[in-house]
Amino acid sequence: QVSESTVNSTHPGLRLYRENFHRQSHYNIVFQVVMDNGLLRVTLSCPAGDITGIEYNGIDNVLETNNGDGNRGYWDVVWNEPGKRSGYDRLKGTGFKVVVQDEEQIELSFTRTWNFSSSSGSLAPVNVDKRYILRRGSSGVYLYGIFERLEGWPDMDMDQIRFVFKLQSDRFHFMAMSDDRQRIMPTPTDRKRGQRLAYAEAVLLTNTTNPKLKGEVDDKYQYSSENADSRVYGWISKDPSVGFWMITPSDEFRGGGPIKQDLTSHVGPTVLSMFTSTHYTGKGLDTGYHDGKPWKKVFGPVFVYLNSISHDQNQLALWKDAKEQTLVEVNSWPYHFPESEDFPSSDQRGTLAGRLLIRDKYSSTMPIRAASFAYVGLAQPGGVGSWQRETKGYQFWSRANIEGYFVIDNIRAGEYNFYAWVPGFLGDYRYDINISIKPGSEIELGVLVYDPPRNGPTLWEIGIPDRRAAEFYVPNPYPTLLNKLYTNHPKDKFRQYGLWDRYTDLYPKSDLIYTIGSSSYQKDWFFAQVPRKTGNKTYEATTWQIVFALRNVSLHGNYTLQLALASASLSELQVRFNNPRAKRPHFTTRLIGRDNAIARHGIHGLHWLYSIPVPSRLLHQGNNKIYLTQSRGSSPFRGIMYDYIRLEGPPQTHAAAK
């Protein structure tokens, strides 16, 4: 229960008050709390803690008003008990508190406390404190959530944690995610009138409000981005000229590392802040909260920024301003103003610095070199490369400079492992000793040396080891299934719909054959090994061949096939040497992967690396063939993307490919 005097107050430039009393069966009294700083008026349901209204620049409410108060700005999670189906929990608050109200800011708290007696099967066993901050002179609202599970609580998986905004569909039609990914978007009605394609998210627009959009494909996954590239995105209204932007100044609370992909914005108009999800990872991402272990994590703050311009200005000025505001927010991280002991300020955090080198004893020119532009980061202690599957803790990533020097700052206190990976080199690095960050720590690691996986000299290689399949051949899309945003975007062509079936067009009867020395991976290696279409919704497994020659075969030690995958979706890759009919493959991954990156227009999912010993008896002097079979062929989306393949000779040998 909150007294009216607790809420109604005024400070210069800031007002906090309550309005619209009404009763509801779930709670004693439900009302609305309003934060107003003269630029922005934010209305929240109380005690539920949903944002029901944002008034700005003459628009009474930029949020959609035709879908109910509780479906405009809200938190939700997707969760399940072990062995049971997933469900949604909208995390409706049952408690409300004014955390701070002074001349500089208002911060509100909406809480929900879980206990065993409150369990009804629909409520996730997690305590939630939803926070909202409005500051003086700011045309935006900060939001963050404090999630906590106590010791002994029941097991659960929480596959998705996010905040959702639904904007007015009759105002916001232009969406922007980057300088070269911006467009006028279809409406929800356009999608309803359209033709569903292979799955519900993909729709062919057949009857559109804007005739220019007719014949295009719309799919929310075409607008996904990697975490590191998702600093700002949002929508623009033309009349009046208003922008609505989601700004994420830090990735410390996101799981899966800097290149984890996720949704941004899509038709609705919808704006998302994805804190955790299994998009592009599947259950390979560890989202299980098991064994009664306590857990607590702060998601955010993120900044919801609104801006405006006059009618005679180009609306892209809103995008430019949003980018400038993003730099302000990034440079202000960590914020000093959240009033929670669970969000440490800059002086309560630490710094880590060092230099990373690469040692490759088989390099004749540079056996020791700088790990230029390496991804370096701290994440929860685990195995080599475990950071890409970890989501319950915090992660702190940076990039080394051209000489391999790096600094990671604003690190929360805690125990971490130091991880790294270097574009252009195989594998993952992990520092052997746990790193303890304390408030004010300034740790210098000195010079670290990474020995990438290698057992012998390179005989040949295909691709670039960068955890993506972007360097391989991505076909032109079907002209009847285009998203015109990507028509003239070579680097984003993989985002087009239906590319999986283009493999069958290129290889209708027989599969891909790649010849070392004459084939080019940019032109001759299809970006994904997918099943071949054989009829109406029927597919068959595919076997690719790598043809190569050896001048001689060394009998002193094994050869090694280094096989790195950028994605796997319910697939099994089998490897055979020189005998495609061998009953048992020399190597199999067995069934791996659920990242669904092929269907979701991603150029990578989770990374897989296999170092496969190859006895010399499997190879011949002269011509050889490696057969790569993706044996699970029941669906066009059961496939793999390769990152990089390399055949190495035995240690200290001089065998070479012609």
Side-chain angles (χ1 to χ4, degrees), residues 40 42-44 50-57 59 61-77 90-91 130 132 139-145 160-178 181-188 191 201 218-227 229-238 241-249 251 253-254 261-277 279 299-308 315 318-319 321-323 325-326 329 485:
L40 207 66
V42 182
T43 304
L44 302 105
D50 296 330
I51 296 180
T52 60
I54 300 178
E55 181 181 336
Y56 177 72
N57 195 45
I59 302 177
N61 196 347
V62 301
L63 305 182
E64 185 60 75
T65 56
N66 295 322
N67 58 359
D69 288 353
N71 201 34
R72 300 174 185 175
Y74 57 89
W75 289 83
D76 70 15
V77 300
R90 291 286 290 270
L91 305 176
K130 302 185 290 185
Y132 302 93
S139 63
V141 59
Y142 296 87
L143 61 91
Y144 65 106
Q160 179 173 280
I161 304 171
R162 66 178 186 171
F163 197 95
V164 183
F165 281 104
K166 305 284 184 67
L167 307 184
Q168 279 202 31
S169 58
D170 60 347
R171 289 187 182 274
F172 292 88
H173 303 298
F174 190 87
M175 189 173 78
M177 296 147 288
S178 66
R181 297 176 70 197
Q182 306 175 0
R183 63 163 299 160
I184 295 173
M185 294 291 288
T187 67
R191 282 185 54 89
E201 292 87 350
D218 179 73
D219 183 343
K220 66 181 181 180
Y221 292 107
Q222 293 178 317
Y223 306 110
S224 296
S225 291
E226 294 180 354
N227 283 345
D229 296 328
S230 296
R231 286 287 167 263
V232 58
Y233 48 85
W235 290 78
I236 292 174
S237 165
K238 187 174 182 179
S241 295
V242 167
F244 186 102
W245 309 103
M246 180 64 69
I247 295 177
T248 306
D251 290 329
F253 41 81
R254 287 170 161 172
Q261 299 168 101
D262 223 320
L263 297 172
T264 56
S265 300
H266 57 80
V267 169
T270 300
V271 181
L272 302 171
S273 181
M274 303 297 299
F275 297 109
T276 297
S277 89
H279 298 139
F299 295 99
V302 296
F303 184 45
V304 181
Y305 178 59
L306 286 83
N307 57 1
S308 61
Q315 66 177 6
L318 294 166
W319 167 249
D321 175 72
K323 291 193 298 177
Q325 186 63 41
T326 299
E329 302 301 324
L485 174 61

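Because the structure is predicted, anything quoted here is derived from the model rather than measured. The chain is numbered in sequence order, starting from 1.
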Asker: Under 4.5 Å between any side-chain heavy atoms of Lys166 and Asn71, yes or no?
Answerer: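 Answer yes - side chains close enough.
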Asker: Without swapping roles, check the side chain of Asn61 against the backbone of Thr52 for a donor-acceptor pair under 3.5 Å.
Answerer: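 Side chain of Asn61 to backbone of Thr52: a pair is present.
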Asker: Any side-chain heavy-atom pair from Arg162 and Asp76 closer than 4.5 angstrom?
Answerer: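 Yes, close enough: below the 4.5 Å cut-off.
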Asker: Any sub-3.5 Å donor-acceptor pair from Thr276's side-chain atoms to Ile161's backbone N or O?
Answerer: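 Pair absent, no side-chain N/O of Thr276 close to backbone of Ile161.
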Asker: I want to check something: taking the side chain as every heavy atom from C-beta on, are Ser230 and Thr264 in contact at a cut-off of under 4.5 Å?
Answerer: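 The answer is yes, as the side chains (C-beta and beyond) meet within the 4.5 Å cut-off.
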Asker: Does the side chain to side chain contact (heavy atoms under 4.5 Å, CB included) test come out yes or no for Lys220 and Leu263, once each step is laid out?
Answerer: CA-CA 7 Å; Lys220 66 181 181 180; Leu263 297 172; 4.0 Å; yes
Asker: Could you state the interatomic distance from OH (Tyr74) to CG (Leu91), rounded to the nearest 0.5 Å?
Answerer: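 Those atoms lie 11.5 Å apart.
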Asker: With side chains defined as the heavy atoms from C-beta onward, is the minimum distance between Ile236 and Gln182 less than 4.5 Å?
Answerer: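 No, their side chains stay 4.5 Å or more apart.
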Asker: May I ask you to test the Tyr305-Thr326 pair for a side-chain heavy-atom distance under 4.5 Å?
Answerer: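 A side-chain contact is absent here, since even the closest heavy-atom pair is not under 4.5 Å.
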Asker: Can you check whether Phe275 and Trp75 have ring centres sitting under 6.0 Å from each other?
Answerer: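 Yes, they do, as the ring centres are separated by less than 6.0 Å.
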Asker: Between the side chain of Trp235 and the main-chain N/O of Thr270, is any donor-acceptor distance below 3.5 Å?
Answerer: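 Yes.
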Asker: Using a 3.5 Å distance criterion without hydrogens, assess whether the side chain of Arg191 forms a donor-acceptor pair with backbone atoms of Val267.
Answerer: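 Checking the backbone N and O of Val267 against the side chain of Arg191, no donor-acceptor pair under 3.5 Å is found.
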Asker: Any ion pair linking Arg231 and Asp251 (charged N to carboxylate O, less than 4.0 Å)?
Answerer: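 Result for this pair is yes, salt bridge flagged.
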Asker: Taking atom CG of Leu306 and atom CD of Glu55, what is their separation to the nearest 0.5 Å?
Answerer: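 The CD atom of Glu55 is 11.5 Å from CG of Leu306, to the nearest 0.5 Å.
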Asker: Can you tell me how far NZ of Lys238 sits from NE2 of His173, rounded to the nearest 0.5 angstrom?
Answerer: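 It is 9.5 Å, given to the nearest 0.5 Å.
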Asker: Please find the pair of heavy atoms, one from Gly268 and one from Ser169, that lie closest to each other, and give the distance.
Answerer: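 Closest approach of Gly268 to Ser169, heavy atoms only: O-CB, 3.8 Å.
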Asker: What distance separates Asn307 CG from Gln325 CD, expressed to the nearest 0.5 Å?
Answerer: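 Result: 8.5 Å between the selected atoms.
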Asker: Checking side-chain polar atoms at under 3.5 Å, does Ser308 have a donor or acceptor matched by the opposite partner on Tyr56?
Answerer: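 The criterion, which ignores hydrogens and geometry beyond distance, is satisfied for Tyr56 and Ser308.
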Asker: Yes or no on side chain to side chain contact (heavy atoms under 4.5 Å, CB included) for Lys130 and Asp50, after CA distance, side-chain angles and deciding distance?
Answerer: CA-CA 9 Å; Lys130 302 185 290 185; Asp50 296 330; 4.0 Å; yes
Asker: Does a side-chain heavy-atom distance below 4.5 Å link Phe163 with Leu143?
Answerer: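 Yes - at least one pair of side-chain heavy atoms lies under 4.5 Å apart.
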Asker: At what distance, to the nearest 0.5 angstrom, does CE of Met177 lie from OG of Ser224?
Answerer: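 Rounded to the nearest 0.5 Å, the CE-OG separation comes out at 9.5 Å.
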Asker: In sequence, state the C-alpha distance, the side-chain angles, and the governing distance for Ser237 and Gln168, and then conclude on side chain to side chain contact (heavy atoms under 4.5 Å, CB included).
Answerer: CA-CA 9 Å; Ser237 165; Gln168 279 202 31; over 6 Å; no
Asker: The test is side chain to side chain contact (heavy atoms under 4.5 Å, CB included); show your working for Tyr223 and Arg183 and say whether it passes.
Answerer: CA-CA 11 Å; Tyr223 306 110; Arg183 63 163 299 160; 3.6 Å; yes
Asker: Would you indicate whether the side-chain heavy atoms of Phe244 and Ile54 approach each other to under 4.5 Å?
Answerer: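 The answer is yes; the side chains approach within 4.5 Å.
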Asker: So, taking the atom named CD1 in Ile247 and the one named OG in Ser273, what distance separates them when rounded to the nearest 0.5 Å?
Answerer: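 Reported to 0.5 Å precision, the distance equals 11.5 Å.
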Asker: State, yes or no, whether a side-chain contact exists between Met274 and Arg254 at a heavy-atom distance under 4.5 Å.
Answerer: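 The answer is no; the side chains never approach within 4.5 Å.
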Asker: Do Tyr142 and Glu329 pair up side chain to side chain, a donor and an acceptor below 3.5 Å, judged on atom types alone?
Answerer: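 A donor-acceptor contact under 3.5 Å links the two side chains.
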Asker: Taking all non-hydrogen atoms of both residues, which atom of Val141 and which atom of Val42 are closest, and how far apart?
Answerer: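 For Val141 versus Val42, the nearest heavy atoms are CB-CG2, 4.4 Å.
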Asker: Identify which one of Phe303, Trp319, Phe165 satisfies the ring pair (Phe, Tyr, Trp, His ring centres under 6.0 Å) criterion when paired with Trp245.
Answerer: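 Among the candidates, only Trp319 passes.
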Asker: Check whether any side-chain N or O of Arg72 sits under 3.5 Å from a backbone N or O of Glu64 as a donor-acceptor pair, and report yes or no.
Answerer: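 Judged by distance alone, yes, a pair lies under 3.5 Å.
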